[in-house]
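All values below come from the heavy atoms of this structure, side chains included, with hydrogens, waters and symmetry mates left out.
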Amino acid sequence: MPDATRETPTDRQRAIVIAVGNLKGGTGKSTIAVNLACALAASGHPSVVIDADPQHTATRWMRRGVLPAQLYETAPLRDLEQAPAWMDEIHEIGAAQAFVVIDLPAVLGATLGAALLVADLVLVPAAASGLDLSATTRTLHRIAKAEDERDGTPIPSLVVPTRVESGWFRDGGLRRMRIRVPVAMAPPIRHSPLFAEAFDAADWIGGYAPRSAAHRDIMRLMRSILQRVTEAAPAPKQTPSISAITAPNLAA
């Protein structure tokens with residue numbers, strides 16, 4: 001990794017931090033994190049995946065192959081005392097990257113709280129099922145709490161419809177999601193066995209099945225995110241001090 005000590009935050013645009021999470025497992029979180037980071041890297045935007053999920057799906061996916069994005073393994077935070085050092089580590093990793101994509105655990109806790117404090121964008125993968133939408137609502141409530149902890153600074157969030165099946169309401173349940181979800185939605189990721197096959201092959205979807213519908217979905221998601229962060233053009237910001245945040249709020 002390039003020596004970040006040669007640059008200061010004012011010398012270059014800092015990395016965009018994208019947190020990917022939902023308070024329910026099995027929503028396609030790691031699939032989004034790995035494939036999005038690889039799509040960004042393959043498109044000329046150096047990217048790293050931070051695997052903060054104790055399931056380590058992203059690590060098992062990326063460690064076995066040679067992918068466009070880098071992998072950084074980190075253990076979930078055991079307690080709030082580790083949060084400041086963890087957040088500093090995220091910024092150090094991002095010094096040599098254009099994007100940092102954090103694969104979050106599907107539980108409330110210090111890791112989720114700390115990630116929301118440094119995130120420029122939060123992606124919430126969710127299927128159209130009642131259980132997924134209920135967990136998605138709870139996740140969005142936690143993001144709203146983090147905005148208060150960031151002195152009211154908005155945290156841009158997108159719900160990413162995943163495993164979308166055609167035929168249900170003729171749109172895979174997307175209309176139901178738009179009614180239930182109070183934030184903007186990203187382009188959907190349709191159900192495809194190619195994602196599981198790419199995992200088995202230790203490859204990302206663009207390497208395993210280029211120009212497939214699954215690959216096109218990931219690229220469409222990537223382009224929508226690039227457009228969003230370009231329009232936002234975040235300036236260097238001060239990360240909120242952990243000492244100024246109450247422990248119950250950070251982990252709740």
**OP:** List the steps, then state whether side chain to side chain contact (heavy atoms under 4.5 Å, CB included) holds for Q97 with Q70.
**Re:** CA-CA 10 Å; Q97 308 292 331; Q70 298 185 43; 3.2 Å; yes
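- Side-chain atoms of Q82 do not come within 3.5 Å of backbone N or O of L77 as any donor-acceptor pair.
- A donor-acceptor pair under 3.5 Å is absent between the side-chain atoms of S43 and the main chain of A41, judged by distance alone.
- Panel note: side chain S224, backbone A186; no donor-acceptor pair is recorded below 3.5 Å.
- In this structure, D51 contributes its side chain and T59 its backbone to a donor-acceptor pair below 3.5 Å.
- Note that R60 lies outside the cation-pi zone of F199, set by a 6.0 Å cut-off to the ring centre and a 45° limit from the axis.
- Under the 3.5 Å distance criterion, the side-chain polar atoms of D120 are matched with a main-chain donor or acceptor of V17.
- Proximity of a side-chain donor or acceptor of S30 to a complementary backbone N or O of G28 within less than 3.5 Å is not detected.
- Taking CZ of F99 as the start and CG of L121 as the end, the distance is 9.0 Å to the nearest 0.5 Å.
- Looking only at atom types and distance, the side chain of N22 has a donor-acceptor partner in the side chain of T136 under 3.5 Å away.
- For the side chain to side chain donor-acceptor pair (under 3.5 Å) test, no residue two or more places apart in sequence or in another chain qualifies with Q55.
- Shown here are the side chain to side chain donor-acceptor pair (under 3.5 Å) partners of R220, two or more places apart in sequence or in another chain: D217.
- Of all heavy-atom pairs between H91 and V118, the closest is NE2-CG1, 3.9 Å.
- Rounded to the nearest 0.5 Å, atoms OG (S212) and CD (E197) are 10.0 Å apart.
- With hydrogens and angles ignored, the 3.5 Å screen pairs no side-chain donor or acceptor of S47 with any backbone N or O of V100.
- Not a single donor-acceptor pair under 3.5 Å links the side chain of W86 to the backbone N or O of A114.
- Distance CD/E92 to OH/Y72: 8.0 Å, rounded to 0.5 Å.
- With respect to the salt-bridge test (charged N to carboxylate O, under 4.0 angstrom), the residues E149 and R142 qualify.
- Here CG of L116 is found 6.0 Å from CD1 of I143. Values are rounded to the nearest 0.5 Å.
- Atom CD of E89 has more than 12 neighbouring heavy atoms from other residues, nucleotides or ligands inside a 6.0 Å radius.
- Panel note: side chain E147, backbone I155; a donor-acceptor pair is recorded below 3.5 Å.
- L36 CG to I189 CD1: the interatomic distance, rounded to the nearest 0.5 Å, is 9.0 Å.
- Here the CG atom belonging to L40 is positioned 8.5 Å from the CE atom belonging to M219, to the nearest 0.5 angstrom.
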